[in-house]
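We're numbering straight along the sequence, starting at 1.
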Amino acid sequence: MFPGASTDRGKAEFMVVGAPLDVSTTFQPGTRFGPERIRRFARTFDDYDHRTGQFFSDLAVHDHGDVYAWDDAEEYLEYVEGVLTDIVWDGACPLLLGGEHTVTMAGVRATEPDTFVCLDAHLDLREAYDGNPLSHATVTRHVLDIADHAVILGARTGSEDEWERAAESDVTVVPPEEVADWEPDFEGTTYLSVDIDGADPGFAPGTGTMEPFGLSPREMRDVVRDVAEETEVIGFDVVEVNDRDDGQAASLGGKLLREFVFSHAHDG
């Protein structure tokens, strides 16, 4: 169970769901361990948040547990979508723990946001990667089948075709050096996805495809706070954490989830 989560599902305002899918990771696998690791390294955090004056344990966060993953990604995503849809229908905000970034498709399909905001080193706008159309490298392209607009913060690499796709009007790319000055400026509902590789690998080496020249944890924190407090955000995830470090990536992921909850509840 995520530290500080309540056992009362019926009164949940936020619902943690683990989705340990790990079938298309292209360099360092291990995202199947992400949900458990994020929970583990969040155990050291204090319940009280000085900035907002809130206790995490008072904010009606429930942990659904992990949805056991299998190797049929399409079927698995449909199943996770159903779990998350039930959560949305119950009036709670889903907090998805990956797993590879592909699981974000289930979160977006369940919430149907107007705008998709993502912290990510990669554009993830490929039609397929190694012949696989349901790869972690295709997630933002799939998301745009649902959302009207995608904002990718911290992207610093992609194929030529991806950069051409990113130049279209429904995509905004904010490079790492401009993220600190970015502010959300759009209406409608929002889904926020945190791919932990958006961070510079010096801060979060435990991820599948590390990409240097990335974001600092404070820059990521500020984005999470701004989106949670200034937009109508209806879903959140942290993905791509694996077990290839000493807990840096998982600790950052767990802290950003808590920042989202504190900020979302504080705004409400």
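The backbone N or O of F262 sits less than 3.5 Å from a side-chain atom of Q54, completing a donor-acceptor pair. Side-chain atoms of T31 do not come within 3.5 Å of backbone N or O of G34 as any donor-acceptor pair. Using modelled atom types, no side-chain atom of S251 and backbone atom of G247 make a donor-acceptor pair closer than 3.5 Å.
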Audit row: E178, W182, side-chain contact (heavy atoms from CB on, under 4.5 Å) steps and yes/no:
CA-CA 7 Å; E178 296 178 14; W182 178 83; over 6 Å; no

side-chain contact (heavy atoms from CB on, under 4.5 Å) evaluation trace for L84 with T111:
CA-CA 8 Å; L84 299 178; T111 56; over 6 Å; no

Full working for side-chain contact (heavy atoms from CB on, under 4.5 Å) between R9 and M15:
CA-CA 8 Å; R9 181 188 177 101; M15 187 76 71; 3.6 Å; yes

Full working for salt bridge (charged side-chain N to carboxylate O under 4.0 Å, His left out) between R156 and D200:
CA-CA 11 Å; R156 49 199 182 269; D200 190 272; 5.7 Å; no

Verdict with supporting geometry, R126 and R141, side-chain contact (heavy atoms from CB on, under 4.5 Å)
CA-CA 7 Å; R126 298 173 188 263; R141 182 177 285 269; 5.7 Å; no

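Between H264 and F236, the gap from one ring centroid to the other reaches at least 6.0 Å. F2 has its ring centre less than 6.0 Å from the ring centre of F56.
Using a 4.5 Å heavy-atom cutoff, the side chains of V173 and W163 are in contact. Within the 4.5 Å cutoff, the side chain of E211 has no heavy atoms near those of the D197 side chain. In this structure the side chain of H64 never reaches within 4.5 angstrom of the side chain of P94, judged on heavy atoms. Counting heavy atoms from C-beta on, the side chains of T207 and P201 never come closer than 4.5 Å. Taking the side chain as every heavy atom from C-beta outward, T140 and I152 approach each other to under 4.5 Å. Between M210 and Q28 the shortest side-chain heavy-atom distance falls below 4.5 Å. Between V103 and V80 there is no side-chain heavy-atom pair separated by less than 4.5 Å.
Of all the heavy atoms in N242 and P29, the pair that sits closest is ND2-O, 3.8 Å. G99 approaches P35 most closely through the heavy-atom pair N-CD, 3.7 Å. When all heavy atoms are compared, the tightest approach of D63 to V16 is OD1-O, 3.4 Å. Closest non-hydrogen pair, F41 versus A250, comes out as CD1-CB, 3.9 Å. Taking each heavy atom of T189 and E112 in turn, the nearest pair found is OG1-O, 4.0 Å. For A199 against L252, the heavy-atom pair with the smallest separation is CB-CD2, 3.9 Å.
We find that D66 and R39 are joined by a salt bridge, their nearest charged nitrogen and carboxylate oxygen being less than 4.0 Å apart. Using a 4.0 Å cut-off between charged nitrogen and carboxylate oxygen, R258 and D47 do not count as a salt-bridge pair. The pair D243-R40 fails the salt-bridge criterion, with no side-chain N (NZ, NE, NH1 or NH2) lying under 4.0 Å from an Asp/Glu carboxylate O.
Taken to the nearest 0.5 Å, the CD atom of E100 stands 4.0 Å off from the CG atom of L21. Residue D148 holds its CG atom at 9.0 Å from CG of D170, rounded to the nearest 0.5 Å. In this structure, CG on L192 lies 8.5 Å from CZ on F116, to the nearest 0.5 angstrom. Here the straight-line distance linking atom OG1 of T104 with atom CG of D237 works out to 3.5 Å at 0.5 Å rounding. Distance check, rounded to the nearest 0.5 Å: CG of L256 to CZ of R225 gives 10.0 Å. Between the CZ atom of R244 and the CZ atom of F33 there is a distance of 9.0 Å, given to the nearest 0.5 Å.
Between the side chains of S193 and H101, at least one donor-acceptor pair of N or O atoms lies under 3.5 Å.
Annotation: D90, atom CG; neighbour count of heavy atoms from other residues, nucleotides and ligands within 6.0 Å is above 12. Counting non-hydrogen atoms of neighbouring residues, nucleotides and ligands closer than 6.0 angstrom, the CG atom of D145 exceeds 12 such neighbours. Other residues, nucleotides and ligands place no more than 12 heavy atoms under 6.0 Å from the OH atom of Y79. No more than 12 heavy atoms of other residues, nucleotides or ligands sit less than 6.0 Å from atom CG of D185. For R218, the CZ atom counts as loosely surrounded, since its 6.0 Å shell holds 12 or fewer non-hydrogen atoms of other residues, nucleotides or ligands. In E168, the CD atom is crowded: over 12 heavy atoms of neighbouring residues, nucleotides or ligands sit closer than 6.0 Å. The number of heavy atoms from other shown groups lying within 6.0 Å of CD (E74) does not exceed 12. Under a cut-off of 6.0 angstrom, the local environment of OH in Y48 is crowded, with over 12 non-hydrogen atoms contributed by other residues, nucleotides or ligands.
Placement of L97 and I196 within a single hydrophobic cluster is found when ILVMFWY residues are connected by side-chain heavy-atom separations under 4.5 Å, directly or transitively. Linking ILVMFWY side-chain heavy atoms closer than 4.5 Å, directly or via other members, places V239 and Y191 in a single hydrophobic cluster. Hydrophobic clustering (side-chain heavy atoms under 4.5 Å, transitive across Ile, Leu, Val, Met, Phe, Trp, Tyr) groups V67 together with V23. Put simply, V61 and I87 are part of two different groups of oily side chains (I, L, V, M, F, W, Y) that touch within less than 4.5 Å, one to the next. Under the 4.5 Å side-chain heavy-atom criterion for Ile, Leu, Val, Met, Phe, Trp and Tyr, V17 and V238 are members of distinct hydrophobic clusters.
Of the candidates D124, T25, T26, D22, T26 is the only one forming a side chain to side chain donor-acceptor pair (under 3.5 Å) with H136. In summary, of the residues considered (T138, N132, D130, V139), a side-chain contact (heavy atoms from CB on, under 4.5 Å) with S24 occurs for N132 alone.
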